[in-house]
Structures are given as structure tokens and as C-alpha cells.
Amino acid sequence: MANHRFPPVTFAGAGPGSASHLTMGVYQALQTADVVIHDRLVGVEVLDLIPAKVRRIDVGKTGFGPSTAQAVINATLVEQAQSGGRVVRLKGGDCGIFGRLDEEIEALEAAGLAYTILPGLTAASVAAAAIGQSLTRRGRNASLRIVTGHDMAGFADHDWRGIAVSGEVTAIYMGKKSARFVQGRLMMHGAAPDTPATIVENVSRPDQRVVSATLDTLAQAVRLIDGPAVILYGLAPRHAAPALSQLKEAQA
Ligand code: SAH
């Protein structure tokens, strides 16, 4: 049973960066919050919309880098909720995609605390828009995969045969370190080496960058990337020429 002495915690997705990708619901939740617990992936533009009187707690994590342990985040969340204030747990993109949302929900449930979820725009949606493409297309792909390059056990295994089928589209999150592994698996399962793979770095941020690659050049191309990036496997920028020249510039 949820404890109604405390307001429900709001889990919110901040979108990939730009304030223009924030929903009105999340915006309003930020305006009325007492405390916002946020990740490193939340864009500066969104953080700037949090009123100065609202307390901010940064529990940012970077892949393989310094991180706040999930247990500490869970404990912070419960502690803040039990202090009686309105708590917003703000995560980059959509809070329900690779956001460890369930672990935090379970921590609240164990403490008898209620919650609501306000989803956000996920990086893949905004990345596809940035390259002028849709994620599904009649006659090309009737489904979309969203996969992670690595999970807690290391490089993640997937239905490589399905992903390798011509025309299929897969958005690969956290795929930088695993690019060579993914490349090898897909080649092994018969994917064409010239299948487009577009890397979109810092989606919807001032330093957004599009790197056009193919399955063949993917591992080499990710070396150019240092910010958060999503790989749109199976999609090329609609205007391939300018994006390719950008790759050349980046390599120069
Ligand atoms: N909940 C997030 C995903 C978090 S997992 C979402 O829905 O977008 C972290 C991964 O998301 C990163 O490694 C990267 O692959 C992707 N990502 C998140 N924000 C991004 C951004 N602004 N630009 C590019 N990729 C991003």
C-alpha cells in the first residue's frame, strides 16, 4: 500500500538535450518540485529551466566512468520522498528506455511510496529526425529495434540474424565501446558491409554531430565520437552528401 502522507515521486524524461524537446508535463513538474534528482545526460538547457529555489541533486553516471552506485541513488530517492517534498527524478531521453527505472520504482514500492511516470523523447527519435529519416517506413521496416551495446554482463547479445536483415532498422544505445563487436556479429550473420550506420552524437545539443558510416566503417567511425551517441543502424542521412563531407572534415 502506498503511503499517502507523501506526494508521489515523479519520474520524468528530459529528452536528449534541447529544451524544445521537453514535454509540457515535465516542464510543469519541474516548476512545482521541491527537489530534482537528475542524471548527467540531462541537457544544460533543461537544467536551466529548473527554478533557482528548487534543490538539485546530481547523481550523474557515465558509461564505465565515475558513477553513483544505483543503491545510493535508490536510497537518495526514498530519503527525499520521505522528507515530504515533491521529488522529480529526471533522466535523459525517455526515463523508460535504458534508464534503470524499474529498480528505482521497486525501491519506492519497498518503502510504500507512490510514483507517476512522465515519459520523454528518446535519443533515437530525435536522432532520426536530425538526419531527415523516419524510424519505420512502409515497405522497408515494419518494426524497430532499440538495443544496448552493453549490459551489466558486458557486450550485450541480440537477435543478430534479425538485425542483419536488409532494410531493418536498429537504434543502438551505449554502442561506442561495443561497435567492433556489433560489427563482427552482424558480418557473421550475413549483413551487407555497405549497410548504412549513422552515428548521431550529442543529439539536440549545440554540439550535435552526424557521422555517416557503413557497417564496414562503423568501428573506425566511432573513434571520432566522445559524447553520448546513438547509432542508427540501417539508416543513412537523407541528404548523404553533406553528412559525408562532415565525416571528412572530422577526420581531417
Ligand atoms: N533514457 C535515454 C537513454 C539512456 S542510456 C533515452 O531514452 O535516450 C544512455 C545512452 O543513450 C547513451 O550512451 C547514448 O547512446 C544515448 N543517448 C542519450 N542521450 C543522448 C544524446 N543527447 N545524444 C546521443 N545519444 C544519447
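Read the numbers this way: they start at 1 and go in the same order the structure lists the ligands and their atoms.
For atom 24 (C) of ligand 1, the closest non-hydrogen atom of the protein is Pro228 O, 3.2 Å. If you check which protein heavy atom lies closest to atom 4 (C) of ligand 1, you get Phe98 O, 3.5 Å. Regarding atom 9 (C) of ligand 1, its nearest protein heavy-atom neighbour is Leu41 CD1, 3.5 Å. Taking atom 2 (C) of ligand 1 as the reference point, the nearest protein heavy-atom neighbour is Gly92 O, 3.2 Å.
Lys91 does not count as a contact of ligand 1, since none of its heavy atoms falls under 4.0 Å from the ligand. Residue contact annotation: Gly99 has no non-hydrogen atom under 4.0 Å from ligand 1.
Contacts between Ala229 and ligand 1 below 4.0 angstrom, taking non-hydrogen atoms only, involve the backbone exclusively. With a 4.0 Å heavy-atom cut-off, ligand 1 is reached by the backbone of Thr122 and by its side chain too.
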**Q.** Verdict with reasoning, Thr32 to Gln28, per side-chain contact (heavy atoms from CB on, under 4.5 Å)
**A.** CA-CA 6 Å; Thr32 54; Gln28 279 155 7; 5.7 Å; no
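When all heavy atoms of Ala164 and Leu186 are compared, the pair lying nearest together is N-CD2, 3.9 Å. Heavy atoms only, all atoms of each residue included: Ser20 and Ser18 are closest at OG-OG, 2.7 Å. Shortest non-hydrogen contact noted between Ile117 and Cys95 is CG2-SG, 3.8 Å.
Within 6.0 Å of CZ on Arg56 lie more than 12 heavy atoms contributed by other residues, nucleotides or ligands. In this structure, Arg161 places its CZ atom where only 12 or fewer heavy-atom neighbours from other residues, nucleotides or ligands lie under 6.0 Å away. Within a 6.0 Å sphere centred on OH of Tyr27, heavy atoms belonging to other residues, nucleotides or ligands number 12 at most.
Of all atoms in ligand 1, numbered sequentially from 1 with element shown, those under 4.0 Å from a heavy atom of Asn202 are 23 (N), 24 (C). Atoms of ligand 1 found under 4.0 Å from any heavy atom of Arg205 (numbered from 1 in listed order, with element): 22 (N). Here is the list of ligand 1 atoms found below 4.0 Å of a heavy atom in Val230: 24 (C), 25 (N).
Every N/O-N/O distance between Glu201 and ligand 1 stays at or above 3.5 Å. Residue contacts with ligand 1: Val200 is placed with no nitrogen or oxygen under 3.5 Å of a nitrogen or oxygen of the ligand (distance criterion only). Between Val203 and ligand 1, an N or O atom pair is found at a separation short of 3.5 Å. Of the polar atoms of Pro16, at least one N or O is found under 3.5 Å from an N or O of ligand 1, judged by distance alone. Considering both main-chain and side-chain atoms, Tyr173 never comes within under 3.5 Å of ligand 1 through any nitrogen or oxygen pair. Close N/O approach between Leu121 and ligand 1 is not found [any backbone or side-chain N/O within under 3.5 Å]. Considering backbone and side-chain atoms alike, Gly93 places every N or O at 3.5 Å or more from each N or O of ligand 1. At under 3.5 Å, not a single nitrogen or oxygen of Gly17, backbone or side chain, sits near a nitrogen or oxygen of ligand 1.
With salt bridges taken as basic N to acidic carboxylate O contacts below 4.0 Å, none links Lys176 and Glu201. Between Arg89 and Asp39 there is a salt bridge, since at least one side-chain N of the basic residue sits less than 4.0 Å from a carboxylate O of the acidic one. Using a 4.0 Å cut-off between charged nitrogen and carboxylate oxygen, Arg145 and Asp159 count as a salt-bridge pair.
Considering CD1 of Ile50 and CG of Leu30, their distance stands at 5.5 Å, rounded to 0.5 Å. Taken to the nearest 0.5 Å, the NE2 atom of His158 stands 6.0 Å off from the CD1 atom of Ile163.
The nearest non-hydrogen atom to atom 3 (C) of ligand 1, considering only Ile172, Ile97, Asp39, Asp94, comes from Ile97. Nearest-heavy-atom check against atom 17 (N) of ligand 1 across Gly13, Ser18, Ala123 picks out Ala123. The heavy atom nearest to atom 13 (O) of ligand 1, considering only His150, Met174, Lys177, is found in Met174.
No hydrogens or angles considered: a donor-acceptor pair under 3.5 Å links the side chains of Tyr173 and Thr122.
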